[in-house]
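Have a look at the structure below before the remarks.
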2 protein chains.
Amino acid sequence: MQLAEFLPVARGDEPADLVLTNGCVINVFTGETIDADVAVAGDTIVGVGRDYDARVQIDVGGRYVCPGLIDAHVHIESSMVTPPQFAHAVVPRGTTTVVTDPHEIANVAGADGVRYMLAASEGLPLTVCVNLPSCVPATHMGTAGADLTADDLVGLRNHGRVTGLAEFMNVPGAVLGLPGALEKLVAFQGRVIDGHAPGTSGKWLQAYVGAGPGSDHECTTTDEMLEKLRLGMVVFIRESTAARNLRALIPAVTPRNSRRCAFATDDRHPADLLDQGHLDHLMRLAVSEGLDPVTAIRMATLNAAEWFRLRDRGAIAPGKRADLVIFSDLRDFHAEMVFAGGALVAREGVPVGEWPTPTVDDSHVRDTVHVDWDHLSFAIPAAEGNVRVIGVVPDQVVTEHLVEPAHVVDGLAVANPERDLLKLAVIERHVGTGNVGLGFVRGLGLQRGALAGSVGHDAHNLTVAGCDDTSMMTAARAVGELGGGLVAAVGEEVLGAVPLPIAGLMSDQPVETVRRQMDRLVETAKDLGSPLHDPFMALGFLALEVIPALKLTDQGLVDVDTFDFVPLFVQGGSE
Amino acid sequence: MQLAEFLPVARGDEPADLVLTNGCVINVFTGETIDADVAVAGDTIVGVGRDYDARVQIDVGGRYVCPGLIDAHVHIESSMVTPPQFAHAVVPRGTTTVVTDPHEIANVAGADGVRYMLAASEGLPLTVCVNLPSCVPATHMGTAGADLTADDLVGLRNHGRVTGLAEFMNVPGAVLGLPGALEKLVAFQGRVIDGHAPGTSGKWLQAYVGAGPGSDHECTTTDEMLEKLRLGMVVFIRESTAARNLRALIPAVTPRNSRRCAFATDDRHPADLLDQGHLDHLMRLAVSEGLDPVTAIRMATLNAAEWFRLRDRGAIAPGKRADLVIFSDLRDFHAEMVFAGGALVAREGVPVGEWPTPTVDDSHVRDTVHVDWDHLSFAIPAAEGNVRVIGVVPDQVVTEHLVEPAHVVDGLAVANPERDLLKLAVIERHVGTGNVGLGFVRGLGLQRGALAGSVGHDAHNLTVAGCDDTSMMTAARAVGELGGGLVAAVGEEVLGAVPLPIAGLMSDQPVETVRRQMDRLVETAKDLGSPLHDPFMALGFLALEVIPALKLTDQGLVDVDTFDFVPLFVQGGSE
């Protein structure tokens, strides 16, 4: 809003558009709660006090009024829905700003993917800030759909909603000052650079911090968190679907260091978003773990805004954006009304009114599964020795590096469900290299059929695991025909699917629909024998070559501990 | 320092240049004190920990190590010395960064004055950041040497040491959105804008904050401070020579709001700098008033750095500038060693080594007293009625608005020392308008002679007060002959002077010299009858037309309460 329009209302010479009367306002600057009215003109807060004239007056009846919550780090793609649908899921819960890292779509579609996320989130009640993906591809041991160079990132950094550089996962690149990494860090010097340094410590961590990354959302212990806080890192306490760190970290938050802490959801799947919630869930959890509720709100608002230099929000004060949440219980945060930019956009968890749906040209992020089906084969000629097997660890993204006798039939190494030995294939789907990585996996537990998906962190190639090559081919082809998605198949029959036509990562349907589709598909996978509560999530991380111990990319098996390719067949027994 | 040089030392692969061993390091991020060594390469901290190899090792023997202190708001001109001499006075006391507002020199020399301050502070152990003067001239009721427009300010704002816009004193201009004011605020939207809103409250304060200014150093009560903190203003607790607010404000600092507080010295005269100190004095005073010492240090380092977005300093952490202070007693802060950019620059309050003296072309800020002496007259033809008299209030910058019978001799209104009625003249000295404002003052107390000075806030015209026109002329001319300064004279004899050749505001001598000159001159003034402990400071504020109640500019008498000119002669008695 222009100052010339703001000032007469702020002075009290002209009426406000909206006044929330009888609020108990959470003052995040002083940590106080103050009985006051909040006056709004257009999208902006003009004052906090008494005696405002207004065109619309809403009596909030003594309820709390806090600033809209800010998620410091999230991959919207992990919700499996587009930004407008994601907004529908999180805004009614009190989140009005997210800093998203479009790392997943960028691995598929590069800068076009980043531009799609910006365009698809234009004008929503949710302000979607974008921190640019710093490490695409994650490594050169897998084939991604794009290579985002420092120059590409520089070309994107001046967009009004781009806040900086996202989770700088290439810790060795930063610490050793390797050319590609250094170039990106230098290009973003003086801007926000988020870190990503799980377990990094001591002098390496100090070098990493000095190289630029100033935040971290990968802490798992209080010791790790304190070491990072002491170096000046802002710690985002994360509670995602795959990594639930909040309970472990809340004890490290003190009155003296809380100003350096914020919250992040990182990756939350549809069911978690709908059943548990978004930042509101983190608020409740943090308070139940003993965190002072006002401190929790400061962390989820002012602190995140300060780190990301979002000076127009994160507090209830004149000149700030009128993103406001009304709720009744400090110890049980449930948004009853949510205002975004001065407009009531949700009530009792349900969107209010028509929200804008950005018109987006998504042609660059559709039709992203490119496989030469005629030349695809999953055959593994048997060789001497045992085979390496990826061991799934339930509910974790780390895997075990197993060695097992191969099951050989007619000179080929094949799956053997009786020993929970499934065949695994990672099919390059972006640029048509024809690469297919082949191996074996234990722990998915299928007794028949196959699962396939175009979600395969981080390169998001087509990942298939199954009991026989026919089922695998059926499932893989079905993903291709959907233009991306998750599929279960047996023999030549497709049993179920979740279409993900946007980059092979996101549905174009509402989050409730996707959640129902997912529930059904997981049930199907369980019928096929999988004991996991989400076998597709496990499948999606089997190709992530930066997480120990053994992973499979389209280029082959990767021993993450030695950070190198290893052959499938190996002399000797279990390592 | 370049990352390529920083990283090998940070990793521990190459030796540091300097290690301070056995420190008790104040961690401003977490509020902890931590036993550790601090390693430095070049001008940069590379790490905090143990086991660093280094070319130079200094055992600090368990003493505290804190970041160099940051003064959030200071007018260096008020120290009456140039930036290099100011640095000599403050750096040995632990101040390594100041944010200066060259408001005084800008009133004399405009953008040239600002550029002089930047050039004269280049490369010093003291980092001199400049916040640009927002209100030059202060009003149009006095004639300054320059008019700094929004365009002028925009032309200066991209200098590497320019942090933003300084104390936005034009509160009505901001709140009412008046053209000149609005233009400047809009030009600095998104940058640091310091406020200056003494006593402003309620909706006007809210409009002011919404207009852009985000800090304030004019609080005098805890209520005022809390109101400003709640609106998101960062409050600089000020302890200057003329305004000592610290004791009154420290009780308002709480563990929850201290992150929004910093310290400022604003104006400190040579004697105060030398006898009391700089920020070290504020640290001691704050702690003696009950503030937690580590909180005091956080306020004087990290908090100021955060507000001014000085991301390279304000903490001891990898990548930060190696500005470090060693001291022994948390409750009695005295800098024992000071490091600036990794170099030991002071020890036990005394500079160490040769400090660089910037070579500066100061021709634009010398020879700034331009008066047509031949046409100058202090004669006041008598008129009907009484005269208005400015009443000096000891140790304050506010004055009283008195009305007294004139003392008329030969048809002229003249001074009458018996009634403590001195003649006052404000002679425009910048642009040759020939303006002379004439009036009377009570409270300076001279029994004979005259005092004159080229320091006259804010326009810094030549201000003279005296018992007779001859003494006044002698004093004024002597200031002119010095090219600026402070003078005491009787009849045709000059009794003493402090030359201030730089813009008529600053000496080119060391602060100790200026202090001795000032002491002598004040003694002389006392010999002439003045009871004030610093009559030149009182004289220097008599022309400040923005501070109530009655002031005299070169254009005439100003009733500050009505913000308009008033005639010297008035019908009726005291108002």
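Note that the structure is a prediction, hence the values are computed from the model and not measured. So you know, we letter chains A, B, ... as the sequences are listed, proteins then strands, and number each from 1.
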Quiz item: Which pair of heavy atoms, one from Pro318(B) and one from Val209(A), lies closest together, and at what distance?
Solution: O-CG1, 4.2 Å

In terms of heavy-atom pairs under 4.5 Å, which option from [options] contacts chain B the most?
| options | result |
| --- | --- |
| Leu302(A), Val234(A), Thr254(A) | Leu302(A) |
| Gly31(A), Ala39(A), Ala317(A) | Gly31(A) |
| Arg309(A), Glu32(A), Arg259(A) | Arg259(A) |
| Gly49(A), Gly232(A), Gly319(A) | Gly232(A) |
| Val186(A), Thr30(A), Val294(A), Val25(A) | Thr30(A) |
| Ala211(A), Ala4(A), Gly212(A) | Ala211(A) |

Quiz item: Can a salt bridge be assigned to the pair Glu306(B) and Arg260(A) using a cut-off of 4.0 Å between side-chain N and carboxylate O?
Solution: yes

Self-check item: Side-chain ion pair, Lys203(B) and Asp13(A), N-O less than 4.0 Å
Solution: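 Asp13(A) and Lys203(B): not salt-bridged.
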
Quiz item: Are there residues of residues 168-178 of chain B that reach to under 4.5 Å of chain A by heavy atoms, and which ones?
Solution: Ala174(B), Val175(B), Leu176(B), Gly177(B)

Quiz item: Any sub-3.5 Å donor-acceptor pair from Arg230(A)'s side-chain atoms to Val28(B)'s backbone N or O?
Solution: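 Not confirmed, Arg230(A) side chain does not pair with Val28(B) backbone.
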
Quiz item: Is the backbone of Val48(B) close enough, under 3.5 Å, to the side chain of Gln206(A) for a donor and an acceptor to pair up by distance?
Solution: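 Between the backbone of Val48(B) and the side chain of Gln206(A) there is a qualifying donor-acceptor contact (under 3.5 Å).
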
Practice problem: Apply side-chain hydrogen bond (donor to acceptor under 3.5 Å, both in side chains) to the pair Arg256(B) and Asn27(A), showing each step before the final yes or no. | Solution: CA-CA 11 Å; Arg256(B) 288 199 164 204; Asn27(A) 190 304; over 6 Å; no

Quiz prompt | Nearest-0.5 Å distance that lies between atom CZ in Phe29(B) and atom CG in Leu226(A) | solution = 14.0 Å

Quiz prompt | Leu7(B) side, atom CG; Trp204(A) side, atom CH2 - distance, nearest 0.5 Å | solution =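 Rounded to the nearest 0.5 Å, the CG-CH2 separation comes to 10.0 Å.
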
Self-check item: Interchain contact, Leu3(A) with chain B, by part (heavy-atom threshold 4.5 Å)
Solution: side chain

Practice problem: Please look at Leu182(A) and chain B and tell me whether the side chain, the backbone, both or neither of the residue comes under 4.5 angstrom of a heavy atom of that chain. | Solution: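 Side chain only.
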
Quiz prompt | Beyond-backbone contact of Gln189(B) with Arg311(A), side-chain heavy atoms, under 4.5 angstrom | solution =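 No, too far: nothing below the 4.5 Å cut-off.
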
